[in-house]
Amino acid sequence: MEKQFDPKAIESKWYERWEARGDFAPAGDGEPYCIMLPPPNVTGSLHMGHAFQHTLMDALTRYHRMRGHRTLWQPGTDHAGIATQMVVERQLAGEGSDRHALGRESFVERIWQWKAESGGTITRQMRRLGASVDWSRERFTMDEGLSAAVNEVFVRLFEEDLIYRGQRLVNWDPVLRTAISDLEVESQEEDGHLWHFRYPLTDGSGHLVVATTRPETMLGDTAVAVHPEDDRYRHLIGQTVRLPLAERDIPIVADDYVDPEFGSGCVKITPAHDFNDYALGERHDLPRINILNEDATVADTAPEAYRGLDRYAARERVVADMEAAGLLAETEKHRLMVPRGDRSGAVIEPYLTDQWFVRAKPLAEPAIRAVEDGRIRFVPGNWDKTYYEWMRNIEDWCISRQLWWGHRIPAWYDADGNVYVGRNETEVRERHGLGDAALTRDEDVLDTWFSSALWPFSTLGWPDDTEALRTFYPTSVLVTGFDIIFFWVARMIMMGLKFMDDVPFREVYITGLIRDSEGQKMSKSKGNVLDPIDLIDGIDAESLVAKRTAGLMQPQKAKAIEKMTRKEYPDGIPAYGTDALRFTFAALASQGRDLRFDLERVAGYRNFCNKLWNAARFVLMNTEGEDCGAAADAEVELSWADRWIVSQLQRTEAEVDRQIRAYRFDLAAKAVYDFVWHHYCDWYLELCKPVLNADGTGEAARRGTRRTLVRVLEATLRLMHPFTPFITEEIWQRVASPAGREGDSIQHQPYPRADEDRIDPEAEAEIAWLQEVILGLRQIRGEMDIAPRKALPVLAQNADADDRARLERHRDALAFLAAVESVRVLETDEEPPESATALAGRMKLLVPMAGLIDKEAELNRLDKRLAQIDKERSAVCGKLDNENFVNKAPAEVVQKQRDRLAELDAALAELRGQRERIAAM
RNA sequence: AGGCGCGUAGCUCAGUUGGUUAGAGCGCCACGUUGACAUCGUGGAGGUCGGUGGUUCGAAUCCACUCGCGCCUACCA
């Protein structure tokens with residue numbers, strides 16, 4: 001083996017073998033376990049959030065596969081309607097063309113081409129991450145089967161009146177010129193103005209003042225509203241005002257919606273351009289005047305002077321005209337929430353159009369119940385509140401999009417505008433007896449999330465009753481971020497319950513969000529993104545800068561991004577390898593908080609991989625070609641250390657298993673790390689050395705230690721495999737045989753299960769004693785500046801029979817790990833020489849000071865220890881002197897404190913005595 | 001406005017039902033290279049657990065209030 005672990009040398013080799021052999025396909029007849037990969041955008045690339053989530057999904061998948069479950073991790077990609085269409089439209093714009101010039105068919109063809117070219121990025125990256133998805137089942141939301149499922153769902157929902165078409169106010173993106181759903185609107189507070197306008201009463205008796213943030217919409221006003229109880233205006237209700245500029249008479253209506261405290265207490269009402277006004281208009285049966293075109297220019301329904309103006313130009317014009325007419329009462333600065341499209345960034349316009357909707361309430365009710373009664377569990381649990389909040393206030397879902405890339409709505413219109421919905425045109429004609437009448441298909445496509453909502457069953461073959469569907473639905477767990485609970489999770493639950501009559505998954509594990517080391521959200525525009533592949537392979541500073549500054553929406557930011565990047569990564573990023581990256585993700589995955597991603601952390605886990613690698617190297621150096629006691633009748637003798645490490649392994653196995661089940665990957669990773677580094681390497685390997693090297697060791701003892709070395713390592717590799725698949729496979733191939741195991745790959749080996757019977761309290765006590773002695777002596781050495789390899793003669797005082805036996809038993813270990821030259825047990829009445837002291841239980845270890853230790857230094861050291869002990873002693877005494885504590889606390893707790901006090905007193909007495917003696921010398 | 005979360009060592013974070021000597025990693029200080037590993041070893045320094053008050057024999061942990069920060073929903077013209 002190489003002295004240093006080199007991930008590059010092994011990773012691609014193993015993944016190719018696993019995939020070629022079909023290792024990731026569900027196998028056996030165990031209990032089914034299934035995870036649906038949240039389908040990434042087909043033309044996207046893997047970002048840190050993906051890599052994080054994929055790591056956790058893969059860990060779960062490998063864990064269950066090793067436990068013998070019939071495990072499926074179902075991969076696939078999403079067509080991502082708007083996002084993908086925008087990319088190709090931008091390309092066309094670069095060529096001086098647009099989709100209309102191309103025509104629908106060619107445009108869609110062009111997107112398919114783009115998908116074919118760039119669509120493999122994510123899946124290639126997933127392979128680099130070691131994701132053990134079953135590629136043979138890979139699906140795409142727009143492939144044939146999934147499209148059929150989409151049509152089927154649409155038709156069935158339509159037939160049950162759960163999908164309808166209607167003219168309603170929707171969120172309109174005037175740049176993309178399509179409707180979008182409520183969820184695709186992101187509101188942000190921005191600076192604006194509040195304009196106060198005078199609207200004259202028609203009868204000439206005065207005027208009302210209304211305030212607005214959007215003056216141009218007054219062209220579509222159809223009422224002014226006041227609060228019914230507002231004494232200032234009560235007498236005017238039912239009268240009309242003369243709407244300036246448009247010169248129309250509009251009524252004054254009374255409605256509770258109006259807050260009399262705000263502004264003048266009068267509100268202009270524009271039902272066609274504001275959601276609240278729309279609702280108010282419905283209550284009062286007001287006309288709706290749509291004054292905007294699709295691109296947010298003023299329409300012909302408005303007065304001539306404004307037609308064709310952009311909405312913001314119209315705004316200025318309206319304000320100027322009102323001012324000129326003496327009707328502008330006041331202009332004030334105002335912060336307001338501005339709705340923007342999440343894709344285009346354009347200011348969204350409430351807009352009156354014909355769209356298709358899913359009736360949400362009837363679907364939401366069973367979906368709420370599924371979480372309430374525990375058929376679906378959120379992890380961490382508090383996310384159910386977020387879910388309930390949204391589901392209980394859910395509005396109908398606008399599913400039609402005025403785009404070309406997506407599932408075209410299966411609806412046809414005849415010459416009279418009658419609508420027919422069916423799985424295809426032939427079916428529509430047959431079912432409605434339309435013969436060969438002219439039919440035109442609806443131009444619109446469905447919201448991307450409509451097909452995503454079906455993912456848990458459409459990928460398994462629905463609407464056909466397939467073996468896969470019967471086996472893997474409901475799936476086991478969904479792993480995703482909180483940001484798509486509404487977009488996706490809630491909708492999958494609704495659709496799953498509706499069409500499968502069962503929940504789509506039993507648990508939803510919500511991961512935190514990956515941020516950069518400063519706690520900033522990672523985004524292309526901030527220039528702080530990291531490509532997980534760059535952490536695996538490494539990247540030089542130039543390439544990293546080039547990558548981060550390429551294709552920016554705001555190219556002027558490039559300089560700042562370059563500066564920041566060069567400062568943070570002057571030498572680029574070293575290659576850490578996949579296993580280190582994955583282990584980092586696992587270790588960071590604590591619950592309920594966002595996580596800061598810090599390269600120092602990855603470096604630490606790369607070191608950990610190297611540690612494991614070298615431990616394996618040591619084991620192999622000591623076992624290759626040697627008898628490791630594999631034979632059934634081999635005579636084998638286990639040392640205390642052997643028994644101890646086996647015992648520790650059981651505890652670790654139990655802990656890791658428990659934490660994985662609880663989705664506490666951070667704690668599972670910590671348990672593994674502690675075991676490998678601090679138990680196996682720091683102590684066990686060191687304790688093995690004297691056994692293997694000493695001349696006096698018997699063959700049965702060597703065999704026992706070799707066998708334990710290699711078997712514990714082998715089990716540890718299996719324990720770690722879900723987190724670090726590559727290094728564990730590589731090493732396992734070398735140690736499996738000496739450890740007495742057979743198999744083609746570690747991933748099909750059983751996951752370690754703790755064996756209660758192999759927990760060995762006797763061995764644990766023995767090694768705990770040994771550690772205490774060694775640590776005590778090392779402390780003296782360290783604090784007294786005694787050279788590390790300077791062999792020390794040690795005297796033991798107050799050693800009881802056990803201590804004496806143990807000192808004898810572990811003489812080699814003490815010599816090796818604490819450089820003890822000799823140990824002599826003092827007789828009861830023997831006066832010790834001037835010495836430095838350490839305690840191990842009641843036994844006192846003395847290192848004679850002659851020539852080694854400075855008297856003052858030892859006195860200081862003792863004073864420090866005494867102070868520590870004395871401080872704790874006062875705390876314990878405080879408790880025990882408290883009658884209430886002694887009377888009310890559980891007996892065992894009280895006893896524990898008494899025992900502790902006794903220990904402290906003994907230690908105090910010993911050390912004080914020691915101090916006096918040294919001081920007197 | 002409502003909801004959720006966070007505040008523990010210089011930094012990033014654990015601390016599961018109240019009883020630990022409050023932990024880890026990184027960083028810091030000192031010492032150390034005859035082969036598992038310098039991507040390492042040994043020893044050490046460093047925290048009144050945001051604040052106040054309460055419940056309790058006992059609070060980082062439970063309750064109330066408070067300060068600071070973050071996120072998500074929401075109709076303020």
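All heavy atoms count here, side chains included; hydrogens, waters and symmetry mates do not.
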**Report entry** Which residues share a salt bridge (Lys or Arg N to Asp or Glu O under 4.0 Å) with Asp191(A), sequence neighbours left out
**Finding:**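 Applying salt bridge (Lys or Arg N to Asp or Glu O under 4.0 Å) to Asp191(A) gives Arg335(A).
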
Query raised in the report: Can you list the residues that meet the salt bridge (Lys or Arg N to Asp or Glu O under 4.0 Å) rule with Glu349(A), with sequence neighbours excluded?
Result: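 If we apply the salt bridge (Lys or Arg N to Asp or Glu O under 4.0 Å) test to Glu349(A), skipping adjacent residues, the hits are Arg214(A), Arg311(A).
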
What residues form a side chain to side chain contact (heavy atoms under 4.5 Å, CB included) with [X], not counting sequence neighbours?
| X | answer |
| --- | --- |
| Ala875(A) | none |
| Glu332(A) | Leu194(A), His196(A), Glu330(A) |
| Leu336(A) | Thr213(A), His334(A), Val338(A) |
| Asp6(A) | Lys8(A), Ala9(A) |

Under 3.5 Å, sequence neighbours excluded: what are the donor-acceptor pairs made by side chains of residues 609-618 of chain A?
unit_1: Asn610(A); atom_1: OD1; unit_2: Phe5(A); atom_2: N; d: 3.0
unit_1: Asn610(A); atom_1: OD1; unit_2: Asn614(A); atom_2: ND2; d: 3.4
unit_1: Trp613(A); atom_1: NE1; unit_2: Glu2(A); atom_2: O; d: 2.8
unit_1: Asn614(A); atom_1: OD1; unit_2: Arg617(A); atom_2: NH1; d: 3.1
unit_1: Asn614(A); atom_1: ND2; unit_2: Lys3(A); atom_2: O; d: 3.2
unit_1: Asn614(A); atom_1: ND2; unit_2: Asn610(A); atom_2: O; d: 3.0

Query - Duplex segments of RNA chain B, taken as runs of at least three Watson-Crick or G-U pairs that stay under 3.5 Å - result: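 The stems that RNA chain B takes part in, listed by first number, are B:1-7 with B:67-73, B:10-13 with B:23-26, B:28-32 with B:40-44, B:50-54 with B:62-66.
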
Query raised in the report: Near RNA chain B, under 4.0 Å by heavy atom, which residues of residues 610-619 of chain A?
Result: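 Those residues are Asn610(A), Lys611(A), Asn614(A), Ala615(A), Arg617(A), Phe618(A).
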
Query raised in the report: Going by number, which of residues 680-688 of chain A have a non-hydrogen atom under 4.0 Å from RNA chain B?
Result: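 Listed by number, they are Cys681(A), Asp682(A), Leu685(A), Glu686(A).
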
Query raised in the report: Can you list every ring pair (Phe, Tyr, Trp, His ring centres under 6.0 Å) pair that touches residues 254-276 of chain A, not counting sequence neighbours?
Result: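 Listed once each, the pairs would be none.
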
Query raised in the report: Where does the chain A footprint on RNA chain B start and end, counting 5' to 3' with a 4.0 Å heavy-atom cut-off?
Result: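 Under 4.0 Å from chain A, the extent on RNA chain B is C4(B) to A77(B).
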
